**Q** 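Sharing a structure, written as structure tokens. Questions coming.
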Amino acid sequence: MNHRLLLLLALLGAASFSLTACPGESNDDDSAGDDDDATSDDDDSAGDDDDSAGDDDDATGAPFELNGTFDDGFGSGIAVTEHAWLTWSEFGTSRYDITQIDATDGWLIAQNASTNGFNPDLWSRFDWFVDGEDPLFCQTAYDAATEADALATAAADRGDLATGCAGFAWSMLAPDPTRLLVAGVHVDEWGTDHTITDETWTTDGTSSYAISQFDNAARFAIAQNGAANTYNSDLWSRFDFAEYEGSWFMCSTAYDAATEADALATAAADASNPTTGGCSGFAWTNLTP
């Protein structure tokens with residue numbers, strides 16, 4: 001009897017250890033606050049001060065209402081995603097990579113891209129709010145030395161639209177249907193960075209495509225491959241794009257067409273369900289996973 005009792009106690013002890021160990025193991029993948037969860041968010045708590053650039057909402061759950069393509073009223077195109085604020089005009093393209101968003105109070109912090117013509121690698125703060133139908137914005141800081149300095153910049157004065165933006169008027173973000181709908185900075189499910197304006201489509205900063213024409217209704221863009229591209233340089237591409245269940249998808253329908261006309265004549269990809277197929281036998285690339 002004593003041997004059986006000892007054996008029973010040993011078995012019960014092993015079971016107890018296994019039961020207490022399992023939750024710790026599952027926390028590595030399934031906890032909302034887990035460092036390795038599907039959102040790639042290091043801190044999913046409601047009090048998180050540093051929102052992931054890929055989050056649709058800020059820490060309070062408020063929607064990020066600036067997603068879209070706009071005109072600032074001065075001839076510049078602006079495209080905003082959770083990844084970056086992108087501005088382009090005849091003077092060039094400026095990119096600001098977002099590190100923090102507070103959609104409730106209407107501000108975001110971003111680092112100026114190293115390729116920007118002005119204040120490269122420094123930090124910016126953008127304030128915005130909706131007045132009537134269209135958002136208004138102010139680049140409250142544009143040359144802060146650090147992220148903390150940009151965050152510490154006083155908010156623009158929403159009560160003074162004429163001079164409340166550091167002595168200047170607030171700018172309007174008017175939705176612009178003449179701009180390429182899919183413009184903006186996207187990071188696809190493979191980790192590839194797509195920077196898209198009306199004029200260029202660049203992937204990971206290494207392959208570029210000069211857009212010659214696009215059609216938002218038919219959802220495609222035609223572009224000439226850059227001379228420095230590793231593959232199919234100087235040939236022509238067709239990009240089909242589709243919005244499906246709240247996400248943008250892309251299919252490189254043609255990538256080595258001999259002429260612009262050949263790329264244009266390429267049959268459109270099947271956008272009925274881009275998550276499962278339709279792109280030359282493959283699923284489309286999810287630009288906003």
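Nothing here was measured: the structure is a model prediction, and the numbers come from that model.
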**Q** With a sphere of 6.0 Å drawn around OH of Tyr142, does it hold more than 12 non-hydrogen atoms of other residues, nucleotides or ligands?
**A**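 No, because the 6.0 Å sphere around OH of Tyr142 holds 12 heavy atoms or fewer from other groups.
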**Q** So does Asp240 pair up with Arg219, basic N to acidic O under 4.0 Å?
**A** no
**Q** Between atom CG of Asp215 and atom CD1 of Ile222, what is the distance when rounded to the nearest 0.5 Å?
**A**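 So the gap between those two atoms works out to 9.5 Å.
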**Q** Flag the pair Pro120 / Asn112 as yes when at least one side-chain heavy-atom distance between them is below 4.5 Å, and no otherwise.
**A**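 When only atoms from C-beta onward are counted, Asn112 and Pro120 do not touch, as no gap falls below 4.5 Å.
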**Q** Quick one: do Phe137 and Val80 end up in the same hydrophobic cluster if we chain Ile, Leu, Val, Met, Phe, Trp and Tyr together by side-chain heavy atoms under 4.5 Å apart?
**A** yes
**Q** Would you say the side chains of Glu82 and Asn67 form a donor-acceptor pair under 3.5 Å?
**A**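 Per modelled atom types, Glu82 and Asn67 side chains form a pair under 3.5 Å.
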**Q** Would you please say whether a donor-acceptor pair under 3.5 Å links the side chains of His186 and Trp248?
**A**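 Short answer, no.
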**Q** Quick one: does any side-chain atom of Gln111 pair with a main-chain N or O of Trp123 as donor and acceptor, under 3.5 Å?
**A**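 It does not hold such a pair.
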**Q** Set out, in order, the CA-CA distance, both residues' side-chain angles and the distance that settles side chain to side chain donor-acceptor pair (under 3.5 Å) for Asp193 and Thr195, then state yes or no.
**A** CA-CA 7 Å; Asp193 182 296; Thr195 304; 3.0 Å; yes
**Q** Are the side chain of Asp102 and the backbone N or O of Asp105 linked by a donor-acceptor pair below 3.5 Å?
**A** yes
**Q** Between Arg95 and Thr115, is any side-chain donor less than 3.5 angstrom from a side-chain acceptor?
**A**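 Absent: no donor and acceptor within the cut-off.
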**Q** Same cluster for Tyr96 and Trp128 if Ile/Leu/Val/Met/Phe/Trp/Tyr side chains link at under 4.5 Å?
**A**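 Yes.
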**Q** Would you find a donor on one side and an acceptor on the other, under 3.5 Å apart, between the side chain of Thr202 and the backbone of Gly205?
**A** no
**Q** Determine, step by step, whether His83 and Ile98 satisfy the side-chain contact (heavy atoms from CB on, under 4.5 Å) criterion, reporting the C-alpha distance in whole Å, the side-chain angles of both residues, the deciding distance to 0.1 Å, and the verdict.
**A** CA-CA 6 Å; His83 296 289; Ile98 298 171; over 6 Å; no
**Q** Can you tell me if Ser237 and Asn225 form a side-chain donor-acceptor pair at under 3.5 Å?
**A**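 Yes, side-chain donor-acceptor contact under 3.5 Å.
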**Q** Is Tyr209 linked to Phe214 within one hydrophobic cluster, defined over Ile, Leu, Val, Met, Phe, Trp and Tyr using a side-chain heavy-atom separation of less than 4.5 Å?
**A** yes
**Q** Between Pro177 and Asn216, is any pair of side-chain heavy atoms under 4.5 Å apart?
**A**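 With C-beta onward as the side chain, the pair stays apart.
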**Q** When clusters are formed by joining ILVMFWY residues with side-chain heavy atoms under 4.5 Å apart, either directly or through shared neighbours, do Phe220 and Trp201 land in the same one?
**A**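 Result: no, two separate clusters.
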**Q** Whether the Thr285 and Asp188 side chains hold a donor-acceptor pair (N or O, under 3.5 Å, no angle test) is what I'd like checked.
**A** no
**Q** Quick one: pull up OG in Ser252 and CZ in Phe282 and give me the separation to the nearest 0.5 Å.
**A**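 The CZ atom of Phe282 is 12.5 Å from OG of Ser252, to the nearest 0.5 Å.
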**Q** Suppose we call two aromatic rings close when their centres sit under 6.0 Å apart. Are Phe126 and Trp85 close by that rule?
**A** yes
**Q** Donor-acceptor pair, Thr200 side chain versus Thr197 backbone, under 3.5 Å?
**A**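 Side chain of Thr200 to backbone of Thr197: no pair is present.
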**Q** Name the residue from Thr153, Leu151, Ile101 that meets the side-chain contact (heavy atoms from CB on, under 4.5 Å) definition with Trp107.
**A** Leu151
**Q** Flag yes if Met250 and Leu181 sit in one hydrophobic cluster, no otherwise; membership is Ile, Leu, Val, Met, Phe, Trp, Tyr, and two members link when side-chain heavy atoms are under 4.5 Å apart.
**A**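 Same cluster.
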**Q** Using atom types as modelled and distance alone, determine if a side-chain donor or acceptor of Asn232 lies under 3.5 Å from a backbone N or O of Leu235.
**A** no
**Q** Is it the case that the ring center of Trp236 lies less than 6.0 angstrom away from the ring center of Tyr255?
**A** no
**Q** Is it the case that the side chain of Asn229 and the backbone of Tyr231 share a donor-acceptor pair, with hydrogens and angles ignored and the cut-off at 3.5 Å?
**A**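 Not a single qualifying donor-acceptor pair exists.
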**Q** Roughly how far apart are Asn116 CG and Ser94 OG, rounded to 0.5 Å?
**A** 4.0 Å
**Q** Is there side-chain contact between Glu147 and Ile109, with heavy atoms separated by less than 4.5 Å?
**A**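 Counting from C-beta outward, Glu147 and Ile109 do come under 4.5 Å.
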**Q** Quick check: do His194 and Leu287 have side-chain heavy atoms less than 4.5 Å from each other?
**A** yes
**Q** Pick from Ile78, Thr93, Asp97: which one makes a side-chain contact (heavy atoms from CB on, under 4.5 Å) with Leu86?
**A** Thr93
**Q** Can Ser272 and Asp270 be counted as having a side-chain donor-acceptor contact under 3.5 angstrom?
**A** yes
**Q** Indicate yes or no: at least one non-hydrogen side-chain atom of Leu173 is less than 4.5 angstrom from one of Leu66.
**A** yes
**Q** Say whether Asp127 and Thr140, considering side chains only, have a donor N or O and an acceptor N or O under 3.5 Å apart.
**A** yes
**Q** Could you tell me if the side chain of Asp198 sits less than 4.5 Å from the side chain of Ile211, heavy atoms only?
**A**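 No, side chains not in contact.
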**Q** Could you go through the side-chain contact (heavy atoms from CB on, under 4.5 Å) check for Gln139 and Phe168 one step at a time?
**A** CA-CA 10 Å; Gln139 189 172 359; Phe168 296 93; over 6 Å; no
**Q** Take atom CZ of Phe118 as the centre, draw a 6.0 Å sphere, and report whether it contains more than 12 heavy atoms from other residues, nucleotides or ligands.
**A**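 Atom CZ in Phe118 is not packed in, count stays at 12 or less.
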**Q** For a 4.5 angstrom cut-off between non-hydrogen side-chain atoms, does Pro175 reach Asp134?
**A** yes
**Q** Quick one: do Asn286 and Tyr244 satisfy side-chain contact (heavy atoms from CB on, under 4.5 Å)? Show the steps, please.
**A** CA-CA 10 Å; Asn286 190 349; Tyr244 184 79; over 6 Å; no
**Q** Do Phe239 and Val182 come within less than 4.5 Å of each other through their side chains, counting heavy atoms only?
**A**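 Side-chain contact under 4.5 Å: no.
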**Q** Taking Asp72 for the side chain and Ser76 for the main chain, is one N or O donor matched with an acceptor at less than 3.5 Å?
**A** yes
